[in-house]
Amino acid sequence: MNVNSTSSTSYTNPYDAYKYYTRIGGLASGLDTDSIIQGLMSVEKTKYNKLYQQKQLLEWQRQDYMDIASAISSFKDYVFNLKLSSNFVKYKTAGEAVDAGYASVTGTANTLEGNYQIKVEQLATQANAVVNDLTVITRDAQNNVKLQIDLTVDGSTVTKTVELTWNPGDSVATFGANLAKAINSAFSTDGSLKAYYDSTLNKLIIASQKTGSSVSFTVKDLNNNNTVIASGTGTDAKAYIKDSFGNESQVPSSATNTINVYGMSITLNKTTYNAQTNTYDYKSFSISKDVDAIVNNIKELINKYNELVSKIYSKITEKRNRDYLPLTEEQKSQMKDTDIQKWEEAAKKGLLYGDSILSGFLNNLRYYLYKAVPGLPSNLDTISEAGIETYSYFESKEGKIYIKDESKLRQAISNNFDAFVKLFTSSGSDTNTIEDDGILQRFYNIANDTLKKIYDKAGKPYFTSSYDPNSSIGKQLRSIIDQMNAEQERLQKIEDRYYRQFTQLERLIAQMNTQSSWLSQQFSAK
């Protein structure tokens with residue numbers, strides 16, 4: 001029985017590989033043959049046990065690498081999302097336009113702060129139609145219905161033919177449900193047109209997926225001279241906006257209800273129609289930096305950073321206790337479960353002590369955290385100038401950071417917002433270096449580079465129950481497993497030899513006993 005060499009590093013009892021079948025020994029000699037051979041084999045197993053322990057240590061080390069890689073990967077994903085301007089830059093809005101739900105306003109890094117007014121005369125709508133009377137649809141002699149649907153989007157027309165049977169016994173509701181299903185099936189590839197039949201209202205509703213005046217459709221009855229039984233055309237959004245200085249501008253027609261003006265992304269939710277005056281009124285709103293939200297973003301970033309560096313620092317400074325080696329199955333059989341657990345906890349410590357990959361990761365994080373970002377004002381090109389510092393060595397050996405001066409941080413956000421945003425989120429033009437990048441982009445690249453190194457050494461994370469044969473640890477495991485397999489064969493041969501020798505001993509003793517018995521009988525007969 002060989003150690004599994006390709007699919008899994010898990011392994012059961014290492015002694016099962018050469019476990020002998022039950023034999024009956026010692027009948028002639030009275031010796032406990034099995035116990036004697038087990039004792040002899042325990043000496044022979046020394047090399048195998050060492051290989052088994054090496055294999056177990058590598059598997060534990062690989063798991064430690066995977067745990068760290070998971071933490072770094074989560075940090076990398078967090079940084080990637082945070083460096084998007086829509087997540088890092090926060091604005092707050094107020095005013096009737098927002099509070100009453102006429103529009104939703106989101107700021108970007110280029111938003112022009114101020115007071116605005118917006119008038120919404122028309123929303124972008126889907127092309128839609130309602131068929132109130134399905135009996136207008138013609139059936140041929142075989143009760144078949146044949147419709148042609150032409151859907152036009154941005155000047156491109158798609159034609160679908162819908163055919164189904166309207167059996168004489170089917171109600172209008174049954175046919176309506178079948179027709180809606182047939183239309184949906186015809187446009188199932190992209191769902192660009194959808195139909196729904198309401199059996200309570202006895203209405204067939206057809207609507208396009210996209211909005212805008214460039215979207216339209218017609219439904220023709222091919223059994224009735226191509227008579228149009230339904231058609232619809234979408235509409236564009238129509239809105240006007242006034243800036244802080246009272247300048248009015250008509251927003252260019254939009255096929256969607258999201259418009260982008262003055263660095264803002266505005267989603268139109270409803271028109272500003274005033275039924276009492278029969279006019280469309282302006283609704284006001286204001287937009288300004290949400291300093292509190294941005295500070296909270298920075299605080300969360302600091303917490304994520306500190307959690308990661310603390311986790312890694314604890315691993316690379318945790319020393320090995322070489323008195324605790326992985327337990328063999330024989331050793332485990334003689335111990336309590338609680339003692340086994342405590343022993344293995346001690347044996348697993350220090351497997352990443354002084355690891356160069358992880359030490360390099362922490363060093364790079366610290367170095368590029370404080371390295372100035374080129375192209376920014378000298379009074380705000382490092383995080384120190386935004387009030388963020390590293391704890392002293394006596395306060396945090398890990399190198400954790402904290403907000404030393406929150407008022408300085410808030411001033412940086414309020415007084416030099418563009419530079420502050422670039423300090424964290426900018427991406428340099430040179431993809432071969434991170435020198436020109438902002439802090440978050442640097443963190444992302446450092447994490448990404450470190451993950452590649454970890455995967456090269458310990459394997460890709462998707463090898464959950466097996467090892468990556470192309471990784472450094474995988475190759476070491478492969479070598480150890482080959483040695484274990486060879487050692488198993490050697491042990492089996494030695495065990496068989498011992499049993500042959502003891503069997504021969506039993507035969508000789510049995511012969512001696514027989515001869516002794518015969519001689520005794522001869523002498524007693526005289």
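All values derive from a computational prediction rather than experimental measurement.
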For residues [X] and [Y], determine if any side-chain heavy atom of one lies less than 4.5 Å from a side-chain heavy atom of the other.
X	Y	value
I316	L362	yes
E345	Q341	yes
Q441	I434	no
L82	F424	no
V153	S208	no
N269	N257	no
I312	I68	yes
Y196	N184	no

Going by an N to O cut-off under 4.0 Å, is there a salt bridge joining [X] and [Y]?
X	Y	result
D482	R478	yes
D449	K453	yes
R410	E406	yes
E318	K349	no
E435	K371	yes

Any side-chain to backbone donor/acceptor pair from [X] onto [Y]? Under 3.5 Å, distance only.
X	Y	result
S288	E113	no
S73	A69	no
T450	I446	yes
Y370	T390	yes
N306	I401	yes
E385	T382	yes
S284	Q117	no
D150	T218	no
S314	K311	yes
W343	L325	yes

Say you draw a straight line from [atom1] of [X] to [atom2] of [Y]; how long is it, rounded to the nearest 0.5 Å?
X	Y	atom1	atom2	answer
Y305	L365	OH	CG	5.0 Å
L423	D418	CG	CG	12.5 Å
L440	K83	CG	NZ	8.5 Å
I241	N247	CD1	CG	11.5 Å
E398	R366	CD	CZ	8.5 Å
K242	N115	NZ	CG	13.5 Å

Shortest non-hydrogen contact between [X] and [Y], atoms and distance:
X	Y	answer
Y324	R320	O-NH2, 4.5 Å
Q61	L351	NE2-O, 3.0 Å
I357	D355	N-OD2, 3.1 Å
I287	L112	CG2-O, 4.1 Å
Y262	D243	OH-OD2, 3.5 Å
T235	Q122	CB-NE2, 3.5 Å

In this structure, are over 12 heavy atoms from other groups packed under 6.0 Å from [X] atom [atom1]?
X	atom1	answer
K210	NZ	no
K289	NZ	yes
K119	NZ	yes
D337	CG	no
Y282	OH	yes
K404	NZ	no

So, [X] and [Y]: side-chain donor and acceptor under 3.5 Å apart, yes or no?
X	Y	answer
N110	T108	no
D236	S213	yes
N49	Q53	no
T106	S265	no
T258	N260	no
Y65	K457	yes
T211	T256	no
N278	Y273	yes
S214	D154	yes

Practice prompt. Starting from the C-alpha separation in whole Å, work towards a yes-or-no answer on side chain to side chain contact (heavy atoms under 4.5 Å, CB included) for Q126 and V215.
Written response: CA-CA 7 Å; Q126 301 161 288; V215 183; over 6 Å; no

Worksheet item: Which of parallel (below 30°), tilted (30 to 60°) and perpendicular (above 60°) describes F417 and Y91?
Response: perpendicular

Worksheet item: In terms of ring plane angle, is the pair Y402 and Y391 parallel, tilted or perpendicular, where the classes change at 30° and 60°?
Response: parallel

Item to complete: May I ask you to check whether Y240 and Y280 place their ring centres under 6.0 Å from each other?
Response: no

Discussion item. Ring centres under 6.0 Å, that's the criterion: do Y52 and Y48 meet it?
Written reply: no

Fill in: Residue pair K238, S253: steps toward the side chain to side chain contact (heavy atoms under 4.5 Å, CB included) verdict
CA-CA 6 Å; K238 184 178 181 181; S253 295; over 6 Å; no

Worksheet item: Could you go step by step and tell me if R442 and V373 meet the side chain to side chain contact (heavy atoms under 4.5 Å, CB included) rule?
Response: CA-CA 10 Å; R442 289 173 176 176; V373 177; 3.9 Å; yes

Discussion item. Apply side chain to side chain contact (heavy atoms under 4.5 Å, CB included) to residues F187 and L151 and explain how you reach the verdict.
Written reply: CA-CA 10 Å; F187 291 90; L151 173 64; 4.0 Å; yes

